[in-house]
Amino acid sequence: MDSALLIHRIHFAFTVTFHYLFPQLTMGLALLIVVLKTIALRHNDPVYSQAARFWAKIFGINFVLGVVTGIPMEFQFGTNWSQFSRFAGGVIGQTLAMEGMFAFFLESAFLGLFLFGEKRLSPRMHWLSAFAVFAGSWLSGYFIVATDAFMQYPVGYFFAPDGSVQLSSFWDLLLNPWAQWQYAHTMIGAAITGAFVMAAVGAFYLLGNRFTEHARIFVKTGVIAGCLFSILQLYPTGDAQGKMIATHQPVTLAAMEGLFHSQQAAPVVIMGQPNEQQGKIDNPLEVPGMLSMLTYRRWDAHVRGVDDFPRQDWPDNLPLLYYSYHIMVGLGTIFIAVMVVAAFLLYRDRLFHTKWMLWILLLSAPFPYIANTAGWMTAELGRQPWLVYGLMRTADGYSKTVSAGNGMFTLLGFMGLYTVLGILFLFLMRRELEAGPAGEFDSIALHPAEAE
């Protein structure tokens with residue numbers, strides 16, 4: 001691989017991975033904040049209002065960091081991937097512009113009203129501002145996913161005389177069937193992050209015997225939402241997304257599953273190490289026939305392996321793709337187990353006093369971030385060696401006039417700057433967690449000792 005191409009790929013991978021640490025929490029929290037505000041409004045409950053206000057502050061911190069780290073990515077299309085921008089800009093420019101003009105401004109404007117307008121707005125209007133923030137963040141997510149979906153499964157385009165692709169049908173682009181399932185899978189992944197983080201903060205307060213009334217709300221809301229969304233992540237969204245890959249990117253499916261040779265009754269590899277040189281899985285732990293059943297609903301169905309495709313069309317980092325996929329699926333399965341057990345304890349009215357389960361919830365907070373990152377790595381590594389699947393190869397899309405040295409210089413600069421931003425983020429988050437959900441504007445002020 002050309003050294004400049006490698007640097008540009010690493011550069012974009014670093015910036016997008018760091019950036020997505022923040023939107024996945026804001027999109028997940030946006031829905032849960034609406035739930036808290038709805039309960040507060042319906043029951044006129046000030047504790048739920050305090051809970052919603054506390055998470056709105058966490059949302060605001062993540063939103064600001066998401067904006068700061070997201071804007072440079074837009075510029076990278078021109079600085080690092082200019083050939084791709086010339087080729088596909090007439091199509092993806094539509095959804096990227098809509099994300100900025102509609103979703104971003106809707107989200108940011110109403111976030112200001114929600115954070116600073118509670119005393120000036122009626123309770124219903126304040127609830128409406130929370131809902132608008134939720135709508136804006138999830139609408140923003142759809143436009144981004146629709147952009148990526150075009151790169152995975154291009155629709156609604158035609159070739160212009162200069163060789164670029166131009167938009168032929170806006171609605172085909174926006175209603176891309178790939179985008180619909182990818183969006184559902186992505187947003188549920190964000191909701192899982194929000195649920196786990198909310199439950200973890202509640203567990204943290206319960207274990208420290210602080211803000212216990214609010215903490216119980218956090219744990220209860222996080223566990224119920226986490227249980228629901230973890231199951232939906234597996235089925236139907238994960239299952240449907242897998243079928244889309246099997247239909248439109250069969251070589252990707254084979255590489256994800258480590259299926260080197262086409263076969264009937266193809267197994268699912270639970271554990272093992274891909275050996276690309278010898279075309280096999282070392283030390284495999286398999287479930288016979290399961291891949292055929294999951295993909296085609298028949299135990300004896302024939303599944304194509306990577307050997308059924310030209311070598312130049314294989315994903316160019318098959319081992320990393322395989323491990324990313326298995327990390328995503330493995331963690332998703334663990335999430336279901338954790339939340340089902342927590343939900344059972346909640347149902348039995350034992351969760352708030354079961355310290356070992358509270359510790360599990362607390363320590364689980366980082367893992368949805370890992371799972372979402374692994375999921376996006378699976379999607380993007382699986383598309384390779386194509387930048388726009390079947391239309392433009394990645395090797396043809398980068399800026400040929402930007403040398404590897406220039407790319408490395410800016411990459412190091414971004415790493416240094418994002419390290420500072422990361423430290424700032426941790427400082428701000430620690431300050432909010434220490435302050436807790438009872439603030440100076442609350443109608444009732446619960447101090448840690450009074451929350452018992």
Requested in this report: Please identify each residue that fulfils ring-ring contact (aromatic ring centres under 6.0 Å, His included) with F134, with sequence neighbours left out.
Outcome: F131, W138
Query raised in the report: Are side-chain N/O atoms of T38 and W127 paired as donor and acceptor at under 3.5 Å?
Result: yes
Query raised in the report: Shortest non-hydrogen contact from F150 to A88?
Result: CE2-CB, 4.4 Å
**Report entry** Side-chain donor-acceptor pair present, Q152, Q249, cut-off under 3.5 Å
**Finding:** yes
Report task. Answer with yes or no whether the side chains of E257 and Y325 bring together a donor and an acceptor at under 3.5 Å. Result -> yes
Query raised in the report: Using a distance-only test with no angle check, is there a side-chain donor-acceptor pair under 3.5 angstrom linking T147 and T95?
Result: yes
Report task. Look at E380 together with R383 and state whether they make a salt bridge at an N to O cut-off of under 4.0 Å. Result -> yes
Query raised in the report: Does H326 reach the main-chain N or O of V269 with its side chain, forming a donor-acceptor pair under 3.5 Å?
Result: yes
Query raised in the report: How about T193 and N372: does a side-chain donor come under 3.5 Å of a side-chain acceptor?
Result: yes
Requested in this report: May I ask you to check whether S292 and Q264 show a side-chain donor-acceptor distance below 3.5 Å?
Outcome: no
Requested in this report: Could you label the plane-to-plane angle of the F414 and H11 rings as parallel, tilted or perpendicular, counting under 30° as parallel and over 60° as perpendicular?
Outcome: perpendicular
Query raised in the report: Between NE2 of H185 and CG of L234, what distance do you get to the nearest 0.5 Å?
Result: 9.0 Å
Query raised in the report: Are the side chains of Y418 and F14 in touch, meaning some heavy atoms are under 4.5 Å apart?
Result: yes
Query raised in the report: Yes or no on side-chain contact (heavy atoms from CB on, under 4.5 Å) for Q263 and L259, after CA distance, side-chain angles and deciding distance?
Result: CA-CA 9 Å; Q263 57 184 291; L259 187 68; 3.2 Å; yes
Query raised in the report: If you measure from CE on M271 to CG on D282, what distance do you get to the nearest 0.5 Å?
Result: 14.0 Å
**Report entry** Check ion pair D239-R297 (N to O, under 4.0 angstrom)
**Finding:** yes
Report task. Could you go through the side-chain contact (heavy atoms from CB on, under 4.5 Å) check for R210 and E434 one step at a time? Result -> CA-CA 10 Å; R210 304 178 61 211; E434 286 295 323; 4.2 Å; yes
Report task. Let me see the working for M73 and F12 under side-chain contact (heavy atoms from CB on, under 4.5 Å), right down to the final yes or no. Result -> CA-CA 7 Å; M73 290 171 51; F12 196 83; 4.2 Å; yes
Query - Any side-chain donor near an acceptor of the partner, T15 and Q76, under 3.5 Å - result: yes
Query raised in the report: What's the spacing between L253 CG and K243 NZ if we round to 0.5 Å?
Result: 12.5 Å
Requested in this report: Calculate, to the nearest 0.5 Å, the distance between atoms CD and CG belonging to E276 and N317 respectively.
Outcome: 8.0 Å
Requested in this report: Drop me the distance from N62's CG to L29's CG, to the nearest 0.5 angstrom.
Outcome: 7.0 Å
Report task. Mind checking the CD-CD spacing from Q180 to Q241? Nearest 0.5 Å is all I need. Result -> 11.5 Å
**Report entry** L362 versus A200, closest heavy-atom pair with distance
**Finding:** CD1-O, 3.6 Å
Report task. Using modelled atom types only, decide if a donor and an acceptor are shared between the side chain of S262 and the backbone of R304 within a distance under 3.5 Å. Result -> no
